[in-house]
Structures are given as C-alpha cells and as structure tokens.
Amino acid sequence: MAAAGGGAWALCRRGLTRGRAAARCAGAGAGAGCASPPPLWSPGQLSACRQKSSVSFLSRPDRPNLAYNKIKGKNPGVVFLPGLNSNMNGQKAVALQDFCKSLGHAFVRFDYTGCGSSDGNLQECTVGKWRKDVLSVLDELTDGPQVQKEIEEKGEWKLPTKHNEEGFYCLSYEFIKEAENHCLLSNPIPITCPVKLIHGMKDEDVPWQVSMQIADDVLSTDVDVILRKVGQHRMNEKDDMKLLVYTVDDLIDKLTTLA
C-alpha cells in the first residue's frame, strides 16, 4: 500500500511522525518518476477535480467517526494523508483517486478527526490522535500489507502561514507537547520499503533539507528524492500534481515487480 501525503503536519519540531502505519506500507511518500501515464488517464483530468463525492463514515466505538472515500481495486493500493488543516477533497487527493481508478488500483482518502466531514473537535486533536486515525484507516479500510516562551506564557503557538486568512495556525501547548512523542528525525527510521520524496525548494514552511535528512535516516536503501525548484509548500500546481501522479505510477510498478 503506497502512502501519499499532503502538507507537513507530521513534521513537528523537525521531527517526523512515528507509527505502525509507516511500517505497514509497502511504499511511502512520493519522489522521482518519469513513467508515462497509462492511456486511460490524461493530465486534463487534474483540472476537472470533483469537489463533491459520496462520503462514507468509519464508525469507531471509542473514537470519533472518520469520513472517507474509497474505491476498491487491486494491490498495491494508495492511501492519501491530508496536510495540516486540510481535507480529503483537495486537488492532489482527487487527482490521485482518478489516476488509481483508471488503473484499477485501490485508493482511500479520508479526513482526520476534527477536520473536513469527520466528527470531533479540531481544538482537542493531537498528532497522536491523528496517528490513530491513520492506523484505523489502514486496519479497517485497506487489504493486504500496507505497505516556546510564547507557548508557555499563552498556552498556544501561532504558527505563521500564508494558507489561511488569519495568517497563522493556532496550535495549543498540549498539541505541541504531545507531538514530541512522535518525533523521528536524528534517529534511524525503521522503514525498509521503497520510499519516494517530493519537496518544493520554495517551501517556506518546511525546508527542503528536511527531506534529505529523512532520506538519510530511513533504513531503506531504495530512497529517491526529487526537488522541484519552483515548488511551493502545498505543491498544488498542475505540473506538481502531474509529477505526483507519475511518481505514484512508478512506485506502483516497482511494488508490483517486487511482489
């Protein structure tokens, strides 16, 4: 199961979210790839993203219900993880779903607790809770192997951003302290499957050097890093999404060969 992510919510204080989700992935992230798209898919589909589709809900007795959209298909499948304050209806998520559908591969996109159409209060969320959301999706919706002074005084941290009207994301002190339990960088990352990483060099939120550090820390020797010279943080330009789709196509081919 290949995992494609948006944004960088998992990078906390230069750390990367730890989780059984990564260990179960047969492939993770996104990176270089130059394979041509199959005949059933064309770049024109990127601009024709569906903003509305049928939404299902994953019921969990001890946690809020998660909204998701799933298409059945063959393995390896793809799970899309939204970025911070994003949801499953973004252009990258829908473009990847269209691509996977054209190839007949399984695909799942979902909203984290407190985000999009999922239940829960965003202000009460933590990285740990979102990690559990990912594990729930992998366990229940996929088949086969998957693959601070200001904080202390005010009880919150206003993280500057250009991606909303307020100009910042307000993160609680509890959110940041809990996130420290899931930091990985500076230590070996026990992932041995193929890894693809794409990073925009114009990303003002997460320096592209972080991807280089991740590549260095991952135990896998099959790691590709591709840098988009004009790529921004969200990587949502048409050429960015085409690169993401081509890369997932390349990763699927590799995983199919390894299987």
Got [X] and [Y] here, is their nearest side-chain heavy-atom distance under 4.5 Å?
X: F99; Y: V78; result: no
X: S136; Y: V134; result: no
X: F175; Y: V127; result: yes
X: I198; Y: L243; result: yes
X: I71; Y: Q97; result: yes
X: L197; Y: D224; result: no
X: L81; Y: Y112; result: yes
X: F107; Y: L96; result: yes

Using a 3.5 Å distance criterion without hydrogens, assess whether the side chain of K92 forms a donor-acceptor pair with backbone atoms of R234. yes
K242 (side chain) donor-acceptor with E237 (main chain) under 3.5 angstrom: no
Hey, what do you get for [atom1] ([X]) to [atom2] ([Y]), rounding to the nearest 0.5 Å?
X: L66; Y: S56; atom1: CG; atom2: OG; answer: 12.0 Å
X: R63; Y: N65; atom1: CZ; atom2: CG; answer: 12.0 Å
X: Y68; Y: S118; atom1: OH; atom2: OG; answer: 11.0 Å
X: N69; Y: F80; atom1: CG; atom2: CZ; answer: 13.0 Å
X: H182; Y: L184; atom1: NE2; atom2: CG; answer: 10.0 Å
X: K254; Y: D250; atom1: NZ; atom2: CG; answer: 6.0 Å

So D216 and Q213, side chain to side chain contact (heavy atoms under 4.5 Å, CB included) or not? Walk me through it. CA-CA 5 Å; D216 188 55; Q213 186 177 356; 5.6 Å; no
Would you say CE of M212 has more than 12 non-hydrogen atoms from neighbouring residues, nucleotides or ligands within 6.0 angstrom? no
Would the number of heavy atoms belonging to other residues, nucleotides or ligands and lying under 6.0 Å from CD of E178 be above 12? yes
Pairing residues for D133 by the side-chain hydrogen bond (donor to acceptor under 3.5 Å, both in side chains) criterion, not counting sequence neighbours: R60, T113
Write down the atom of [X], the atom of [Y], and the distance for their closest heavy-atom approach.
X: F110; Y: P82; result: O-CG, 3.1 Å
X: K70; Y: L141; result: NZ-O, 3.0 Å
X: L251; Y: P194; result: CD1-CB, 4.0 Å
X: V218; Y: I191; result: CG1-O, 3.4 Å
X: P76; Y: T256; result: CD-OG1, 3.5 Å
X: C115; Y: S86; result: CB-O, 3.9 Å

Is the shortest distance from a Lys or Arg side-chain nitrogen in E174 or K177 to a carboxylate oxygen in the other one below 4.0 Å? no
Determine, step by step, whether D217 and L185 satisfy the side chain to side chain contact (heavy atoms under 4.5 Å, CB included) criterion, reporting the C-alpha distance in whole Å, the side-chain angles of both residues, the deciding distance to 0.1 Å, and the verdict. CA-CA 7 Å; D217 290 343; L185 295 187; 3.9 Å; yes
Looking at residues at least two apart in the chain, or sitting in another chain, which of them share a side-chain contact (heavy atoms from CB on, under 4.5 Å) with E140? L58
Show the numbers, then the answer: is there a side chain to side chain contact (heavy atoms under 4.5 Å, CB included) between L103 and D249? CA-CA 9 Å; L103 289 180; D249 183 33; 3.8 Å; yes
Do you reckon M201 sits in the same ILVMFWY cluster as V206, going by side-chain contacts under 4.5 Å, direct or chained? yes
Transitively linked via ILVMFWY side-chain contacts under 4.5 Å: L122 with L84? yes
Check against side chain to side chain contact (heavy atoms under 4.5 Å, CB included), N75 and H105: CA-CA 6 Å; N75 284 331; H105 283 275; over 6 Å; no
For a side-chain contact (heavy atoms from CB on, under 4.5 Å) with H199, tell me which candidate from V225, I214, L227 qualifies. L227
With distance as the sole criterion, is a donor-acceptor pair present between the side chains of R109 and N87 under 3.5 Å? no
